[in-house]
Participant: 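I have a structure here, written as structure tokens, and I will follow up with some questions on it.
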Amino acid sequence: MKEDTPILYPNERVGARVGAYAQEHTTGIPRHIVEYHGYVCDTMPETANYMVSTSQAQAMSFLAKTLGAKRILEVGVYVGLSSLVWSHAVGPEGRVTGLEFDPSFANLAEEAFKKYGVKNVEVIVGDALKTLPALSPTAPYDMIFIDAQKSGYPEYLKSILESSLPGSQNRLLRPGGLIIGDNTLRCSFVADDSEDNPWRQFDFGPRRSEYWKSDDIKTLRRYNEMVTEADRLENWLCPLWDGINISRLLD
Ligand SMILES: C[S@@+](CC[C@H](N)C(=O)[O-])C[C@H]1O[C@@H](n2cnc3c(N)ncnc32)[C@H](O)[C@@H]1O
């Protein structure tokens, strides 16, 4: 029988080489997105790791195109990198709505959209715990990307499911649409907080000491349980990057 355990690569160096090879042999994302990613890493090093990586961006774009997505909702925009990916994936006739709490991040995102001539993204500034339930789209979204504060994930999921009931007017997500929860394995700790996990010795910085015990880890576990237990969803928790939980709405 084939092993289920994803012992992906024997060490970090091999992992990095395989990652680079896979990225080179995957359809690329447009140049301006790669350029913007590099620019944010150079100019905002403190927060640049909020962004998805360029290889995750390739996978997200592939997924959205495979689904034929034309309308995508993003919860957590930061400075607009992943919005640029969705904007590219839906094409000029498609629409992206982003929800972002921090006005200064939203402004930087708007500047980037202007710079790159992107006209199909709208950012709504405010707490997504309020702005998400207030949405009443004229047509449902094909895909929803959850990438804001981890403590909000269960509430976002609950709200999406409640706003997407069969037969409801202005439903949020269409039947067959995807909900993608980012960071749902969180440096492995969501699945494994045992003492022999070497990542426990890693310095994640002062705000994340004893990270494996943090409320974020507990909330992400709750999110993963919710999508697994929901009769209305099928899901795949993909153990790549920081873990992406991809759920498909059945009804
Ligand atoms: C991980 S970053 C998003 C990164 C972005 N999706 C990307 O890959 O380029 C998370 C963002 O969520 C925002 N955020 C946090 N709490 C929020 C809330 N309650 N409502 C809306 N946005 C929130 C933060 O300000 C931050 O910009």
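In listed order, ligands and their atoms are each counted from 1.
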Participant: A side-chain contact here means heavy atoms from C-beta on lying under 4.5 Å apart; do L178 and R248 qualify?
Facilitator: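 In short, these two side chains touch, coming nearer than 4.5 Å.
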Participant: Under 4.0 Å from a heavy atom of V77: which atoms of ligand 1 are those, numbered in the order shown and with their elements?
Facilitator: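 Result: 5 (C), 9 (O).
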Participant: N/O of D127 under 3.5 Å from N/O of ligand 1, yes or no?
Facilitator: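 Yes; at least one N/O pair falls below 3.5 Å.
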Participant: List ligand 1 atoms under 4.0 Å from S82, heavy atoms only on the residue side.
Facilitator: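 Counting from 1, the qualifying ligand atoms are 5 (C), 6 (N), 7 (C), 8 (O), 9 (O).
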Participant: Suppose I only count heavy atoms of Y156 and a 4.0 Å limit; which atoms of ligand 1 are within that range?
Facilitator: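 Taking each heavy atom of Y156 in turn, ligand 1 has 18 (C), 19 (N), 20 (N) under 4.0 Å.
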Participant: Give, for atom CG of L132 and atom CG of L99, the distance between the pair rounded to the nearest 0.5 Å.
Facilitator: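 Separation between the atoms: 6.0 Å.
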Participant: For atom 18 (C) of ligand 1, which protein heavy atom lies nearest, and how many Å away is it?
Facilitator: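 The closest one turns out to be Q149 OE1, 3.5 Å.
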Participant: Which bit of L129 gets closer than 4.0 Å to ligand 1, counting heavy atoms only: side chain, backbone, both or neither?
Facilitator: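 For L129, there is no contact with ligand 1 at all, from either part.
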Participant: Give the single entry among F101, Y50, Y36, Y78 that approaches atom 22 (N) of ligand 1 most closely by any heavy atom.
Facilitator: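 That would be F101.
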Participant: What protein heavy atom is closest to atom 26 (C) of ligand 1, reported as residue, atom name and distance in Å?
Facilitator: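 Residue, atom and distance for the closest contact: E100 OE1, 3.6 Å.
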Participant: Within the 3.5 Å criterion, strictly below it, is a donor on E74 or S83 matched to an acceptor on the partner's side chain?
Facilitator: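 Short answer, yes.
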Participant: If the plane angle is over 60° it's perpendicular, under 30° parallel, otherwise tilted; pick one for Y39 and Y36.
Facilitator: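 Taking Y36 first and then Y39, their aromatic rings lie parallel (interplane angle under 30°).
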Participant: Which atoms of ligand 1 have any heavy atom of A128 under 4.0 Å away?
Facilitator: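 The list of qualifying atoms is 18 (C), 19 (N), 20 (N), 21 (C).
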Participant: State the atoms of ligand 1, each with its element, that fall below the 4.0 Å cut-off from a heavy-atom position in G126.
Facilitator: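 Every atom of ligand 1 under 4.0 Å from some heavy atom of G126: 20 (N), 21 (C).
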Participant: Considering distance alone, does some N or O of F145 sit under 3.5 Å from an N or O of ligand 1?
Facilitator: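 There is no such contact.
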Participant: Do S164 and L249 come within less than 4.5 Å of each other through their side chains, counting heavy atoms only?
Facilitator: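 With C-beta onward as the side chain, the pair touches.
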Participant: Is S83 near ligand 1, meaning one of its heavy atoms is under 4.0 Å from it?
Facilitator: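 Contact check S83 vs ligand 1: negative.
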Participant: Between T97 and Y141, is any side-chain donor less than 3.5 angstrom from a side-chain acceptor?
Facilitator: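 Note: T97 and Y141 side chains meet the donor-acceptor criterion.
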Participant: How far is atom 10 (C) of ligand 1 from the closest protein heavy atom, and which atom is that?
Facilitator: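 For atom 10 (C) of ligand 1, the nearest protein heavy atom is D147 O, 3.0 Å.
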Participant: Mark up the atoms of ligand 1 that fall under 4.0 Å of a heavy atom belonging to F105, in ascending order.
Facilitator: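 In order of numbering, the contacting atoms are 25 (O), 27 (O).
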Participant: Ligand 1 and V52, any nitrogen or oxygen pair closer than 3.5 angstrom?
Facilitator: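 Yes, since at least one N or O of V52 sits under 3.5 Å from an N or O of ligand 1.
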Participant: Roughly how far apart are K158 NZ and S163 OG, rounded to 0.5 Å?
Facilitator: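 Rounded to the nearest 0.5 Å, the NZ-OG separation comes to 10.5 Å.
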Participant: Charged N to carboxylate O below 4.0 Å: is that the case for R174 and D142?
Facilitator: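 Result for this pair is yes, salt bridge flagged.
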Participant: Considering only NZ, NE, NH1 and NH2 on the basic side and carboxylate oxygens on the acidic side, decide whether R222 and E225 come within less than 4.0 Å.
Facilitator: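 Result for this pair is yes, salt bridge flagged.
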Participant: Return the orientation label for the F189 and Y211 ring planes: parallel under 30°, perpendicular over 60°, tilted otherwise.
Facilitator: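 Ring orientation, 0 to 90° scale: perpendicular.
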